[in-house]
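Remember, predicted model here, so these are calculated numbers, not experimental data. Below, read A as the first sequence line, B as the second, and so on, with proteins coming before strands; counting in each chain starts at 1.
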Protein chains: 2
Amino acid sequence: MRKTTGQVDTDIFAAIAHPVRRQILDTLLQGDMTVTALSAPFDVSRSAISQHLGILMDSGLVSMEKRGREHYYQLRPDNLNEIARWIGQYEHFWQQKLDALGDYLDEMAAQDEQEKS
Amino acid sequence: MRKTTGQVDTDIFAAIAHPVRRQILDTLLQGDMTVTALSAPFDVSRSAISQHLGILMDSGLVSMEKRGREHYYQLRPDNLNEIARWIGQYEHFWQQKLDALGDYLDEMAAQDEQEKS
DNA sequence: AGTATACGTGAGCTATTGCTAACGTGTCAA
DNA sequence: TTGACACGTTAGCAATAGCTCACGTATACT
């Protein structure tokens with residue numbers, strides 16, 4: 001069942017796990033696009049792309065707007081913040097490691113200095 | 001087959017797609033840990049955790065060091081930069097949207113000002 | 001009206017994923 | 001040495017993912 005509320009009901013990490021879905025998102029960076037236009041670069045059927053778009057809709061990463069008989073898909077990247085925040089933890093961790101390395105190197109330099117005297 | 005070189009041979013996006021694997025990484029933020037210690041909070045078998053750790057190894061997100069009969073797994077988060085860079089595109093896109101909105105609002109304000117005179 | 005286009009959806013199939021259970025190997029302890 | 005422990009690996013199974021094909025529906029064109 002597809003969502004009727006504004007709520008996201010599929011895991012956003014799983015949504016970006018598939019390379020085709022990531023490439024769809026990358027393409028949408030250039031602007032809104034229809035399904036057939038999006039399907040063109042891929043060697044899978046338009047139906048498959050449509051299903052991928054359904055998953056991206058469920059995860060809230062894209063939205064759709066009907067314009068005549070064409071469905072224009074639009075990037076809605078604010079939900080990627082969840083991933084950015086998750087990764088942020090690790091950048092913090094990485095920074096701590098660098099700081100520790102820096103302290104270590106400083107300490108070694110201080111020891112070298114002391115040995116010289 | 002598992003890697004023998006330092007090369008990453010599995011998709012890092014797929015590696016972090018599974019909630020259990022993300023929780024393993026989150027746990028490793030607190031420091032190196034053995035397999036049984038990592039398995040404790042989960043309701044799946046130690047074997048399953050071991051297989052998840054294998055995938056995380058393949059993606060280069062963790063490394064392992066044998067200490068006696070215990071295998072200590074260690075966080076190796078530098079590969080997450082690939083994802084951070086990918087997301088960075090969208091933050092840029094989002095910023096552009098905000099700038100455009102700002103310009104639009106400025107324009108509307110200018111029109112208001114003109115109408116008053 | 002009839003036809004073509006743009007699209008979603010469902011059935012059905014295959015490949016992959018995630019898991020448990022059972023085993024084998026190396027390490028510590030008595 | 002014998003047993004317990006920590007772990008990896010494999011087979012085998014169920015569940016899911018991803019795909020194509022066929023269909024139905026809504027819009028546009030003539």
DNA chain D contacts made by residues 19-28 of chain B, counting heavy atoms under 4.0 Å: none

Position toward the 5' end of DNA chain C (nearest nucleotide), A/L53 or B/D43: A/L53

Distance below 4.0 Å between A/Y72 side-chain N/O and C/dC7 OP1 or OP2: no

Whole angstrom value for the distance that separates C1' of D/dG8 from CE of B/M57: 11 Å

Rounded distance (Å) that lies between atom P of C/dT17 and atom CD1 of B/I16: 16 Å

Any donor-acceptor N or O pair under 3.5 Å, side chains B/D26, A/Y90: yes

Selection from C/dA6, C/dG8, C/dG18 that lies nearest to any side-chain heavy atom of B/H52: C/dG18

Worked verdict on B/T34 versus B/H71 for side chain to side chain contact (heavy atoms under 4.5 Å, CB included): CA-CA 5 Å; B/T34 65; B/H71 295 191; over 6 Å; no

B/F13 and B/W86 aromatic ring geometry - parallel, tilted or perpendicular at 30°/60° bounds: perpendicular

Presence of donor-acceptor pair under 3.5 Å, side chain of B/S47 and base of C/dA21: yes

Between A/Y72 and A/Q74: side-chain donor-acceptor atoms closer than 3.5 Å: no

Nucleotide-resolved protein contact map, nucleotides 23-30 of chain D, B/S/- at heavy-atom distance under 4.0 Å: ----BS--

Side-chain touch B/L38/B/L28, heavy atoms, less than 4.5 angstrom: yes

Test side-chain hydrogen bond (donor to acceptor under 3.5 Å, both in side chains) applied to B/E91 - qualifying residues, sequence neighbours left out: none

Bending between helix ends of the helix from C/dA1-D/dT30 to C/dA30-D/dT1 [5 pairs per end, 10° resolution]: 20°

Phosphate OP1/OP2 of D/dC7 contacted by B/S50 side-chain N/O (<4.0 Å): no

Side-chain N or O of B/Y73 closer than 4.0 Å to phosphate OP1/OP2 of D/dG8: yes

Rounded interatomic separation in angstrom, taking CG from A/L38 and C1' from C/dG8: 15 Å

Spacing of A/D58 atom CG relative to C/dT9 atom P, expressed in whole Å: 10 Å

Minimum-distance nucleotide to A/Q51 side chain [options: C/dA6, C/dT9, C/dG18]: C/dT9

Check: A/L75 and A/L25 side chains under 4.5 Å, non-hydrogen atoms: yes

Nearest-0.5 Å distance that lies between atom CG in B/L61 and atom CG in B/L56: 6.0 Å

No-hydrogen, no-angle side-chain donor-acceptor test under 3.5 Å, A/Q23 and A/R21: no

Stepwise side chain to side chain contact (heavy atoms under 4.5 Å, CB included) check, A/V20 with A/I49: CA-CA 8 Å; A/V20 167; A/I49 301 296; 4.1 Å; yes

Distance, rounded to the nearest Å, where A/H18 contributes NE2 and D/dA17 contributes C1': 8 Å

Salt bridge (Lys or Arg N to Asp or Glu O under 4.0 Å) against A/R85, all qualifying residues, sequence neighbours excluded: none

Contact under 4.0 Å: A/T36 side-chain N or O vs C/dT5 OP1/OP2: no

Residue B/H71, side-chain heavy atoms: nucleotide from C/dC19, D/dG8, C/dC7 that is nearest: D/dG8

Residues which pass salt bridge (Lys or Arg N to Asp or Glu O under 4.0 Å) with B/R22, listed by chain and number, not counting sequence neighbours: A/D11

Any B/S45 side-chain nitrogen or oxygen under 4.0 Å from OP1 or OP2 of C/dT20: yes

Side chain of B/I55 (C-beta onward), nearest among C/dG8, C/dG18, D/dT20: C/dG18

